[in-house]
Amino acid sequence: MSDKISVGLFGFGCVGQGLYDVLNHSQVLEASIEKICVKDQNKERKIDMSNFTFNHEDILSRKDLNVVVELIDDANEGFKIVSRAMNNGVNVVSANKKMLAENFEQLYELQKKNKVALLYEGSAGGSIPIIRNLEEYYDNELLDHIEGILNGSSNYITTKMEVDNLSYEEALGLAQENGFAESDPWLDVAGFDSKYKLCLLTIHAFGIILKPDQILNLGIQNISFDDILYAKQKDARIKLVAKGYKSGDKIRVYVLPQFVKRGKPLYNIMYEYNAVEVEGAYSDRQTLAGKGAGSYPTGSAVLSDVSALTYGYKYGYKKLEKMIRNGNGNGHYDPSSMLDTNFELKVYVRYNDRSSLDDLEIVSIEEEYKSPHSNYIVANVKFNSLFNLYNKREKDLFVCVVPEE
Ligand SMILES: NC(=O)c1ccc[n+]([C@@H]2O[C@H](COP(=O)([O-])OP(=O)(O)OC[C@H]3O[C@@H](n4cnc5c(N)ncnc54)[C@H](OP(=O)(O)O)[C@@H]3O)[C@@H](O)[C@H]2O)c1
């Protein structure tokens with residue numbers, strides 16, 4: 001690829017504008033944004049209108065652009081743009097984790113078929129360089145465990161509730177004002193955003209492609225002050241944690257709120273900050289932390305990908321390719337059979353109406369509290385039964401993992 005990079009940019013929202021600014025301040029990278037495609041013809045823009053188009057073809061059919069950067073908030077349109085660009089032989093950078101997670105198998109095939117690069121460091125962990133690290137630094141390490149706070153808005157909300165005594169609604173409003181929340185905040189607070197990122201990390205950490213629907217996510221949308229108070233009494237904080245870890249020859253993956261005890265690396269990750277803990281058989285535990293969302297932190301991760309293209313960087317997918325080659329020990333690669341959902345998990349469940357616990361398969365109750373104001377149990381439940389609570393918007397239940405010491 002030539003040293004001079006000519007970029008066709010899709011999206012000029014929070015991240016697109018961040019990329020535009022950080023690129024213009026870059027001292028080293030010789031790159032220019034030649035055209036920007038957006039959607040809304042009536043929106044005011046902070047740069048001259050001659051930079052913009054509303055027609056995808058004005059970028060996709062140009063032969064002089066050598067990188068397409070896709071930063072839009074629509075997964076279906078994003079997939080069309082990214083696959084068209086790759087089929088045209090153009091390298092692509094994206095931060096659209098929903099699009100990437102939902103279409104990963106096809107995107108992986110398109111990279112191989114067209115011999116192009118698709119880079120997406122900004123899609124998981126914002127400014128934290130985790131994907132390239134999992135791919136390159138931990139390429140020979142036997143990774144056992146990866147967990148992290150991957151959603152800036154949820155972490156911002158739980159922090160604001162705990163530190164400033166804000167209500168859930170006030171804290172969510174502030175997260176939106178500051179540009180940390182997705183256009184649809186349900187994706188953040190219900191754990192979908194973290195799950196899309198976890199899908200991508202699972203590929204680079206373990207070489208396993210999972211569909212988002214295979215991964216359980218319950219969020220913080222029903223959290224109350226009672227829960228935060230309970231956590232404080234236990235010297236812990238509530239964090240929305242995305243986790244993947246090996247159990248025998250299978251892996252367990254989920255996104256759930258979790259009590260994080262003082263002294264644990266994730267305890268001090270506050271506001272919009274994200275962090276990822278990685279544990280390998282030989283390297284032991286390491287934590288990478290940084291701003292997980294926002295215009296400039298994400299824009300700078302996208303810029304780092306654009307820069308990596310100048311020296312021909314592509315993800316090698318070493319672990320994935322090894323898994324595909326070896327299969328599940330029988331030469332057949334079947335990621336779903338590598339997933340363990342049949343185990344017990346200790347959880348705190350706050351509820352209003354006890355009948356809402358009927359959805360859970362409770363194995364044993366360790367603690368129970370009832371009052372006219374609030375009720376909770378701490379119980380070992382069958383993990384599979386938590387899927388019964390999936391994607392429900394009712395305010396009745398809040399579930400939080402109680403980790404073993
Ligand atoms: N915000 C973050 O901190 C963050 C962090 C990591 C990853 N991401 C990901 O980055 C992507 C962009 O996020 P954002 O926060 O920048 O979103 P945003 O502020 O809502 O901006 C979205 C942009 O996409 C454009 N767009 C939407 N549909 C389009 C279409 N069909 N064709 C062309 N342009 C279209 C919009 O055009 P108009 O301007 O005309 O409305 C807008 O400029 C998303 O996939 C998000 O998940 C965001």
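Quick note: residue numbers are just sequence positions, from 1. Atoms within each ligand, like the ligands themselves, are counted from 1 in listed order.
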Which of the ligand 1 atoms, numbered from 1, are nearer than 4.0 Å to a heavy atom of A293: 3 (O)

Per-atom contacts of ligand 1 with K43, taking only distances under 4.0 Å to non-hydrogen atoms: 38 (P), 39 (O), 41 (O)

Any F10 heavy atom less than 4.0 Å from ligand 1: no

S50 and D48: side chain donor to acceptor below 3.5 Å: yes

Polar side chain donor-acceptor pair, E136 to Y315, under 3.5 angstrom: no

Geometric N/O contact G13 with ligand 1, under 3.5 angstrom: yes

Closest to atom 11 (C) of ligand 1 (judged by heavy-atom distance), picking from N96, N151, I72, L100: I72

Pair S304, R132: side-chain N/O donor-acceptor within cut-off below 3.5 Å: yes

Region of K98 that comes within reach of ligand 1 [heavy atoms, distance under 4.0 Å]: neither

Test of proximity, I81 against ligand 1: N or O pairs below 3.5 Å: no

Gap between atom NZ of K97 and atom NZ of K195 - 0.5 Å precision: 14.5 Å

Part of K39 with heavy atoms under 4.0 Å of ligand 1, whether side chain, backbone, both or neither: both

Exam field: side chain N274 to backbone G290, donor-acceptor pair closer than 3.5 Å: no

Distance-only N or O hit between ligand 1 and K97, under 3.5 Å: yes

Backbone or side-chain N or O of G11 under 3.5 Å from ligand 1 N or O: no

Whether Y230 and F259 hold their rings parallel, tilted or perpendicular, with breakpoints at 30° and 60°: tilted

Contact check, G294 vs ligand 1, heavy-atom distance below 4.0 Å: yes

Part of M99 within contact of ligand 1 (heavy atoms, under 4.0 Å): neither

Ligand 1 contact on T298 by region, counting heavy-atom pairs under 4.0 Å: side chain

Atom indices of ligand 1, in the order listed, that fall short of 4.0 Å to a heavy atom of A95: 7 (C), 8 (N), 9 (C), 10 (O)

Donor-acceptor side-chain pairing of K113 and N87 below 3.5 angstrom: yes

Min N/O separation H56 to ligand 1 under 3.5 Å: yes

Any donor-acceptor N or O pair under 3.5 Å, side chains S336, D334: yes

Geometric class of the Y254/F383 ring pair [parallel <30°, tilted 30-60°, perpendicular >60°]: tilted

Within-cut-off N or O pair, G122 and ligand 1, under 3.5 Å: no

Pair Y313, E135: side-chain N/O donor-acceptor within cut-off below 3.5 Å: no

Whether C37 lies under 4.0 Å from ligand 1, heavy atom: yes

Heavy-atom gap R45 to ligand 1 smaller than 4.0 Å: yes

Heavy-atom check, side chain of M86 versus side chain of L118, under 4.5 Å: yes

